[in-house]
*Asks:* 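Structure incoming, see below.
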Amino acid sequence: MARLPRLNLPDIPQHVVQRGNNRQVCFFAEQDYCVYLDKLKEYAKRYKVDVHAFVLMTNHVHLLLTPSTEKGVSQVMQALGRYYVRYVNATYSRTGTLWEGRYKSTLVDSEHYFLLVSRYIELNPVRANMVEHAVEYPWSSYQHNGIGKPIELITCHPSYLALGASPNERQVAYRALFKQHMPELTLKEIRDATNKAWVLGENRFKAQIEQQTGRRASPMARGGDRKSEAYKKQVSNQ
């Protein structure tokens with residue numbers, strides 16, 4: 001099956017995932033994480049892309065980005081990917097590729113899915129059994145979103161700002177989200193949308209994207225309605 005073209009629209013968040021080639025390690029020392037985040041900040045500013053959430057795992061990265069232009073995310077990922085490969089090869093006397101082909105991405109419905117994806121990203125180290133709580137992992141935006149550690153890279157999205165009238169109120173409300181269970185069905189929905197280039201959102205949002213782009217935002221229904229009332233109730237009760 002031919003791969004779908006990426007959906008790139010200005011002012012709509014994207015969940016981006018980039019993995020190491022053959023799931024191999026991409027970050028070897030603390031300095032590597034710092035270099036990656038520093039260059040992400042530089043290129044995000046250059047190409048007018050807001051960074052809302054991130055996690056750097058040993059062999060892949062997750063980012064939640066909002067571009068101001070149609071090409072913004074692609075420009076950031078291309079520039080960052082090339083720079084970081086050169087850096088790793090020079091630092092560790094290696095050659096060849098580092099990343100596993102194209103990065104994967106999905107458009108995110110801000111109203112219904114933004115905070116869900118942000119939490120999904122920052123919980124990666126917990127799901128990987130690297131830490132017991134997101135606060136224990138140093139290379140994620142939870143340090144900023146959850147406990148208020150200053151990270152210049154981060155731009156707060158309106159969905160996050162709506163959690164409270166002050167930084168402390170927002171952090172308390174955000175931390176409370178992490179006490180809620182994230183159903184397997186929700187995890188699968190996020191992964192499928194990202195890996196298969198579908199849109200992550202409610203039906204109305206998907207219809208808007210289809211109208212703007214001229215291509216389907218989700219696969220044809222097969223073997224039942226995944227957007228049944230029971231499913232919607234499960235997601236809303238997280």
Side-chain angles (χ1 to χ4, degrees), residues 1-18 49-55 62-74 77 102-124 127 141 145 155-163 170 173-174 176-238:
M1 179 186 296
R3 63 189 179 189
L4 292 170
R6 289 197 191 97
L7 291 172
N8 292 297
L9 294 174
D11 304 319
I12 295 181
Q14 292 189 34
H15 174 214
V16 174
V17 180
Q18 188 158 41
V49 174
D50 290 339
V51 181
H52 310 298
F54 68 85
V55 67
H62 288 259
L63 307 171
L64 186 54
L65 313 171
T66 299
S68 298
T69 66
E70 185 174 325
K71 296 182 179 179
V73 169
S74 294
M77 296 306 294
R102 304 192 334 155
Y103 67 87
K104 294 179 171 60
S105 65
T106 182
L107 298 184
V108 177
D109 180 348
S110 294
E111 184 176 354
H112 298 98
Y113 281 81
F114 181 87
L115 293 174
L116 195 63
V117 173
S118 183
R119 183 156 55 106
Y120 169 85
I121 288 172
E122 294 170 357
L123 281 171
N124 260 261
R127 288 194 299 273
S141 50
N145 295 328
T155 298
C156 294
H157 187 272
S159 296
Y160 178 84
L161 294 174
L163 290 173
R170 291 191 284 270
Y174 191 74
L177 296 176
F178 284 71
K179 298 177 183 179
Q180 303 172 16
H181 173 67
M182 188 175 289
E184 283 298 322
L185 195 59
T186 302
L187 298 176
K188 185 178 187 304
E189 184 180 22
I190 295 172
R191 290 165 182 156
D192 285 350
T194 307
N195 291 330
K196 300 174 183 178
W198 298 116
V199 173
L200 184 62
E202 295 291 295
N203 289 334
R204 182 177 179 180
F205 178 75
K206 291 179 180 179
Q208 292 173 345
I209 298 302
E210 289 180 350
Q211 186 174 19
Q212 284 183 261
T213 63
R215 87 151 169 91
R216 286 190 59 81
S218 58
M220 297 293 290
R222 293 185 301 173
D225 183 10
R226 294 182 64 229
K227 287 297 183 183
S228 65
E229 290 303 318
Y231 173 80
K232 290 181 180 179
K233 183 177 180 180
Q234 181 183 19
V235 172
S236 66
N237 288 336
Q238 293 176 62

*Asks:* Please enumerate all residues that pass side-chain hydrogen bond (donor to acceptor under 3.5 Å, both in side chains) together with Ser141, with sequence neighbours excluded.
*Replies:* Glu122

*Asks:* Tell me if the CZ atom of Arg204 is crowded by more than 12 foreign heavy atoms within 6.0 Å.
*Replies:* no

*Asks:* Excluding sequence neighbours, so at least two apart, what forms side-chain hydrogen bond (donor to acceptor under 3.5 Å, both in side chains) with Ser218?
*Replies:* none

*Asks:* First locate atom CD1 of Ile12, then atom CD of Gln212, and finally report the distance between them rounded to the nearest 0.5 Å.
*Replies:* 5.5 Å

*Asks:* Would you say the side-chain atoms of Arg119 pair up with the backbone N or O of Gln180, donor to acceptor, closer than 3.5 Å?
*Replies:* yes

*Asks:* Would you be so kind as to tabulate the donor-acceptor pairs closer than 3.5 Å made by side chains of residues 193-201, with sequence neighbours excluded?
*Replies:*
residue: Thr194; atom: OG1; partner: His15; partner atom: ND1; Å: 2.9
residue: Thr194; atom: OG1; partner: Ile190; partner atom: O; Å: 2.9
residue: Asn195; atom: ND2; partner: Arg191; partner atom: O; Å: 3.2

*Asks:* Measuring only between side-chain heavy atoms, which start at C-beta, is Asp109 closer than 4.5 Å to Lys206?
*Replies:* no

*Asks:* In terms of heavy-atom contacts, does CD of Glu111 have more than 12 from other residues, nucleotides or ligands at under 6.0 Å?
*Replies:* no

*Asks:* Name all residues meeting the side chain to side chain contact (heavy atoms under 4.5 Å, CB included) criterion together with Thr213; count only those two or more places apart in sequence or in a different chain, and write none if there are none.
*Replies:* Leu7, Leu9, Ile209, Arg215

*Asks:* Who are the side chain to side chain contact (heavy atoms under 4.5 Å, CB included) partners of Gln18, not counting sequence neighbours?
*Replies:* Val61, Met77, Trp99, Tyr103

*Asks:* Report the residues that fulfil side-chain hydrogen bond (donor to acceptor under 3.5 Å, both in side chains) with Gln14, sequence neighbours left out, ordered by chain and then residue number.
*Replies:* Asn8

*Asks:* Any chance you could measure Cys156, atom SG, to Asn145, atom CG, to the nearest 0.5 Å?
*Replies:* 6.5 Å

*Asks:* Indicate the atoms forming the closest heavy-atom contact of Asp11 with Ser68, along with that distance.
*Replies:* OD1-CA, 4.1 Å

*Asks:* Specify the closest pair of heavy atoms between Ser159 and Leu115, including all atoms of both residues, with the distance to one decimal.
*Replies:* O-CD1, 3.9 Å

*Asks:* Aromatic rings Phe114 and His157: how do their planes relate, parallel, tilted or perpendicular, breaks at 30° and 60°?
*Replies:* parallel

*Asks:* Could you tell me if the side chain of Leu64 sits less than 4.5 Å from the side chain of Tyr120, heavy atoms only?
*Replies:* no

*Asks:* If you take all heavy atoms of His181 and Pro183, which pair is closest and at what distance?
*Replies:* O-CD, 3.4 Å

*Asks:* side-chain hydrogen bond (donor to acceptor under 3.5 Å, both in side chains) with Asn124: which residues, sequence neighbours excluded?
*Replies:* His62

*Asks:* Using the rule given for side chain to side chain contact (heavy atoms under 4.5 Å, CB included), can you reason through Val117 versus Thr106, listing the C-alpha separation, both sets of side-chain angles and the distance that settles it, and then say yes or no?
*Replies:* CA-CA 11 Å; Val117 173; Thr106 182; over 6 Å; no

*Asks:* If you look at every heavy atom in Ala217 and Glu210, which pair is closest and at what distance?
*Replies:* N-OE2, 2.9 Å

*Asks:* Among residues at least two apart in sequence or on other chains, which ones pass ring-ring contact (aromatic ring centres under 6.0 Å, His included) with Tyr160?
*Replies:* Tyr174

*Asks:* Would you please say whether a donor-acceptor pair under 3.5 Å links the side chains of His52 and Ser118?
*Replies:* no

